[in-house]
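Just below is one structure, and these are the notes that go with it.
Quick note: numbers below take in every heavy atom, side chains included, and nothing from hydrogens, waters or symmetry partners. To find a chain, count down the sequence lines: A is the first, B the second, and so on, and within it residues start at 1.
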Protein chains: 2
Amino acid sequence: MPDNPQFSTRQRILGAAEELFAERGFAAASLRQVTAAAKVNLAAVNYHFGSKNNLIEEVFRRRLDELSRRRLERLAAIAKSDTTTLESLLDAFITPALELSLDREGGSVFMRVLARAFAEHNSNLRKFLSDNYGYVLKDFAVAFARLLPQLDKEELYWRLDIAVGALTYAMADFGMIKRRSGESERTHREQMAKHLIHFTAAGLRA
Amino acid sequence: MPDNPQFSTRQRILGAAEELFAERGFAAASLRQVTAAAKVNLAAVNYHFGSKNNLIEEVFRRRLDELSRRRLERLAAIAKSDTTTLESLLDAFITPALELSLDREGGSVFMRVLARAFAEHNSNLRKFLSDNYGYVLKDFAVAFARLLPQLDKEELYWRLDIAVGALTYAMADFGMIKRRSGESERTHREQMAKHLIHFTAAGLRA
DNA sequence: CTAGACTTCAAACGATTGTTTGAAACGGAA
DNA sequence: TTCCGTTTCAAACAATCGTTTGAAGTCTAG
């Protein structure tokens, strides 16, 4: 896809950068590798994005704007109901990421890029993510708090922190479980999401 | 510590490399930065370790040899008993890592380096870790299987995979929870281990 | 004291990094 | 067609990368 001439230079660069960032990390993926994969001139990155750092942020923005919107959309749809369960809340958080990872146009690697952002201690990147998308986690935390009134604030935050870790790690496919040969990518990821919700709900409730 | 002249050149390089790998990643931490932090000549790395890749592997070997030994030691101590609980198994896995992270001599950053190894898709590094330390996870998996007979093999692997993810993420301190101002590093990490065991045990049992 | 192995050092190697430049090519409006 | 803003291009910038070299320094065994 990143080298498909029917897409614009901007889009091809974003696609190639996303794949190489997932594969090699932000520092190790060079602009020459990115532009070569995108079949685009080296200078195009600085022309369209200004710098490598801006390109990195734009790779996040392209996916996270819609991902956050869909998550909050689902959250709003269930939060008003008084029959909301922990599982439905976790589903509202996970399913949009699952759909993104099943997107044909390269969404499958973005979750790996996102997980790298946690591994990077890069404070600029963390601040960028927190400033622009931190409110999503905040809104979910409020909804979780309503469903877990027996937990005091500190206890709740510990558990949500651990839950986010499990989700991040699993959605990035860092684990050891490989997709079985007869199994499609879709059913593999759906299985993972199912186990993830079951496991995390139990951990939050315990 | 890494620049303390009472330690050997080898040890100072390993200490400085560990810190910089945790902070910036394997690719972004240059040998010039490492040797400068260790107050050692640039050529000392290639003299003592041969190459940057060998240095990376040696950073892991220095910590993982003893960490694996301690984990299996605790596993052996409880596995024979027939009153073994999920919590005690998780404790056997987590406590040695906790002790390492509280080590005065820089062990606290190693867990971050270890988590980076998961984020890196580097197949050489993953193979090195799997070949040399994979048996530890295998032994623990057998012990978990005995305690969770109601789970079939596939179900068990999914849950262990998710559990390892939660442990890796939390021990690397990737989460958003910051140590409270009045709290020591030790009690903060002990709190984290306690919550981690509680959460994960519930997820495995659910 | 000397011989010889071990360790450290400054300097340089070619390769690669992100970024900048100015000209060439492009494409719709007048 | 002529014009002009937008985009692409090859080439070069200084800086930094991992690695190698050969000499200088250090230390212990004989």
Which side-chain N or O atoms in residues 194-206 of chain B pair as donor and acceptor under 3.5 Å with protein atoms at least two apart or in another chain?
residue	atom	partner	partner atom	Å
B:His195	ND1	B:Gln191	O	2.9
B:His195	NE2	A:Glu155	OE1	3.3
B:His198	NE2	A:Ala206	O	3.4
B:Thr200	OG1	B:Leu196	O	2.6
B:Arg205	NH2	B:Glu87	OE1	3.2
B:Arg205	NH2	B:Glu87	OE2	2.5

Separation between CG of B:Leu147 and OG of B:Ser88, rounded to the nearest 0.5 Å = 7.0 Å
Can you list, by residue number, the residues of residues 41-57 of chain B that have a non-hydrogen atom closer than 4.0 angstrom to DNA chain D?
-> B:Leu42, B:Ala43, B:Asn46, B:Ser51, B:Lys52
Would you sort out whether A:Tyr169 and B:Asp161 count as a side chain to side chain donor-acceptor pair (under 3.5 Å), showing the intermediate values?
-> CA-CA 9 Å; A:Tyr169 185 96; B:Asp161 214 30; 5.4 Å; no
Rounded off to whole Å, could you give me the CD-to-C1' distance for the B:Gln33 and D:dA15 pair?
-> 13 Å
Between A:Glu66 and the options A:Arg70, A:Arg63, A:Arg62, the salt bridge (Lys or Arg N to Asp or Glu O under 4.0 Å) test singles out A:Arg70
Would you call the rings of A:Phe26 and A:Phe60 parallel, tilted or perpendicular, where under 30° means parallel and over 60° means perpendicular?
-> tilted
How long is the line joining CG of A:Leu31 and C1' of D:dC17, in whole Å?
-> 16 Å
Within the structure, does a side-chain N or O atom of B:Ser30 lie under 4.0 Å from either OP1 or OP2 of D:dC17?
-> yes
